[in-house]
Protein chains: 2
Amino acid sequence: MANQLDSFFAALADPTRRAVIERLARGAAPVSELHAPHDMALPSFLKHIGKLEAAGLVRSEKKGRTRIVHIEAAPLKEAETWLHQQRALWEGRLDRLQSLAEALERKPS
Amino acid sequence: MANQLDSFFAALADPTRRAVIERLARGAAPVSELHAPHDMALPSFLKHIGKLEAAGLVRSEKKGRTRIVHIEAAPLKEAETWLHQQRALWEGRLDRLQSLAEALERKPS
DNA sequence: TCATTACCTAGCCACATGGCTAACCAACTC
DNA sequence: GAGTTGGTTAGCCATGTGGCTAGGTAATGA
């Protein structure tokens, strides 16, 4: 039953991984370039890339001895949709409460 | 530097906690009612509520011997905005690539 | 006032996560 | 063909997470 949202959100719950996504949103890049700004050993960094890839947020392919990483937008959209639905539900409820309050105000018992 | 998004996304990375949010989007509820559908000891469940509260996704207040839990929409919106920005960046880039491709097609060297 | 209800605290456990080093391989470059 | 570059694999470690039981406490109802 563990929804794919599990791994999507878990993948985004880490600042290193969000930074990678932010970088990749501006275009694909090889691992070495993605790694450069992060003060962390390469193997540790590769684990993050692995999580992103396992969550389907990212794709990668080997070109010669370098590995190019691309973002995958569909899961971002799915997560965004879930969040939006919850918010819409909640805000819809607030609207209805407000209507109720106004109705009660117009017609006090 | 650990952004608040850290705890927001981490809080949403668990199906139990997302189910709680989905329930609360339809209105506030006491802990016992939130707990009922989940096959899990109460203390375990309370830890989930604690995480949601620590992440600011939820507020709660004690009324007599029961605790009422409410959703807090602002963080949902913040996370949604972040996701939307990344996607917009990415899709904007795709648009520009497409324009470039079309431009090249119109005027082949 | 006594029992029940609704939650809270403490403490334990297994496993996942996020970091590291060391050692390796495979592709370029000179 | 020897060295350098860019990843990769293996394995270790500390801490965090998500579950549990046992045993509170405080409000409520009979």
Side-chain angles (χ1 to χ4, degrees), chain A residues 1-24 27-71 75, chain B residues 1-24 27-71 75:
Chain A
M1 167 67 99
N3 200 310
Q4 276 209 307
L5 285 172
D6 271 35
S7 46
F8 298 165
F9 282 127
L12 293 177
D14 181 285
T16 299
R17 292 193 294 260
R18 280 200 309 281
V20 169
I21 290 294
E22 285 171 0
R23 166 63 190 79
L24 289 178
V31 166
S32 51
E33 184 185 331
L34 292 173
H35 173 229
H38 299 283
D39 186 17
M40 176 186 301
L42 220 215
S44 314
F45 184 75
L46 281 179
K47 279 202 198 171
H48 287 298
I49 300 293
K51 286 252 165 97
L52 287 171
E53 195 152 15
L57 281 162
V58 131
R59 230 169 346 106
S60 79
E61 60 199 76
K62 197 101 189 213
K63 277 262 162 64
R65 70 183 157 177
T66 82
R67 174 174 297 278
I68 309 294
V69 187
H70 317 253
I71 205 173
Chain B
M1 170 65 100
N3 200 312
Q4 276 208 305
L5 285 172
D6 271 35
S7 44
F8 298 164
F9 282 126
L12 293 177
D14 181 285
T16 301
R17 292 194 293 261
R18 279 200 309 281
V20 169
I21 291 294
E22 285 170 0
R23 166 63 190 79
L24 288 179
V31 166
S32 49
E33 184 184 329
L34 292 173
H35 173 228
H38 299 282
D39 185 18
M40 176 186 301
L42 219 216
S44 313
F45 185 75
L46 282 180
K47 280 201 198 171
H48 287 297
I49 300 293
K51 285 251 165 100
L52 287 171
E53 195 152 13
L57 281 162
V58 130
R59 230 169 346 106
S60 79
E61 60 200 76
K62 197 101 189 211
K63 276 264 162 62
R65 68 182 158 178
T66 82
R67 173 173 298 278
I68 308 295
V69 187
H70 318 254
I71 205 173

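Note that the structure is predicted; figures quoted are calculated from it, not measured. Hydrogens, waters and symmetry mates are skipped; everything else that's a heavy atom, side chains included, is used. Chain identifiers are assigned alphabetically (A, B, ...) following the order of the sequence lines, protein sequences preceding nucleic acid strands; residue numbering begins at 1 within each chain.
Remark: P of C:dC8 and CD1 of B:Ile49 are 10 Å apart, rounded to the nearest angstrom. Rounded to whole angstrom, the span from the CZ atom of B:Phe45 across to the P atom of D:dT21 amounts to 17 Å. In this entry the distance linking CG of B:Asp14 with C1' of D:dT17 reads 10 Å, nearest Å. In this structure, B:His38 atom NE2 and D:dG18 atom C1' are separated by 14 Å, rounded to whole Å. Spacing between atom CG of A:Asp39 and atom C1' of C:dG18 amounts to 14 Å, rounded to whole angstrom units. If you measure from atom CG of B:Leu46 to atom P of C:dA10, you get 14 Å, rounded to the nearest angstrom.
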Which pairs of donor and acceptor atoms, one on a side chain in residues 62-69 of chain B, lie under 3.5 Å apart (sequence neighbours left out)?
| unit_1 | atom_1 | unit_2 | atom_2 | d |
| --- | --- | --- | --- | --- |
| B:Thr66 | OG1 | B:Lys63 | O | 3.3 |
| B:Arg67 | NH1 | B:Ser60 | OG | 2.9 |

Do any side-chain atoms of residues 32-43 of chain A form donor-acceptor pairs under 3.5 angstrom with protein atoms, and if so which ones, sequence neighbours left out?
| unit_1 | atom_1 | unit_2 | atom_2 | d |
| --- | --- | --- | --- | --- |
| A:Glu33 | OE2 | A:Arg23 | NE | 3.4 |
| A:Glu33 | OE2 | A:Arg23 | NH2 | 2.7 |
| A:His35 | NE2 | A:Met40 | O | 2.6 |

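Of the two residues near DNA chain C, A:Lys47 and B:Pro30, the one whose nearest nucleotide lies more 5' is B:Pro30.
For the pair A:Ser7 and A:Ala55, the tightest heavy-atom approach, listed with the atom from each and the gap, is O-CB, 3.5 Å. Between B:Ile71 and B:Val58 the shortest heavy-atom distance is CA-CG2, 4.2 Å. Across all their heavy atoms, B:Leu57 and B:Ala11 have their closest contact at CD1-CB, 3.6 Å. Scanning both residues, B:Val31 and B:Phe45, for their nearest heavy atoms gives O-CE2, 4.1 Å. In this structure, B:Ala13 and A:Ala10 approach most closely via the heavy-atom pair CB-N, 3.4 Å. Across B:Phe9 and A:Leu12, no two heavy atoms sit closer than the pair CD1-O, 3.3 Å.
For the pair B:Lys62 and D:dA26, the criterion of a side-chain N or O lying under 4.0 Å from OP1 or OP2 is not met. For the OP1/OP2 pair of C:dG19 and a distance below 4.0 Å, the side-chain nitrogens and oxygens of A:His48 include at least one atom meeting the criterion.
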Can you check nucleotides 15-17 of chain C for protein contacts, nitrogen or oxygen pairs under 3.5 Å, and list what you find?
none

Between protein and nucleic acid, restricted to nucleotides 21-30 of chain C and to nitrogen or oxygen atoms under 3.5 Å apart, what atom pairs and distances do you find?
| unit_1 | atom_1 | unit_2 | atom_2 | d |
| --- | --- | --- | --- | --- |
| C:dA27 | N3 | A:Arg65 | NH1 | 3.1 |

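Residue pairs satisfying the side-chain hydrogen bond (donor to acceptor under 3.5 Å, both in side chains) criterion with at least one member in residues 43-52 of chain B, sequence neighbours excluded, are listed as follows: B:Arg17-B:His48.
In the set D:dG6, D:dC20, C:dG19, the nucleotide with an atom closest to the side chain of B:Met40 is D:dC20.
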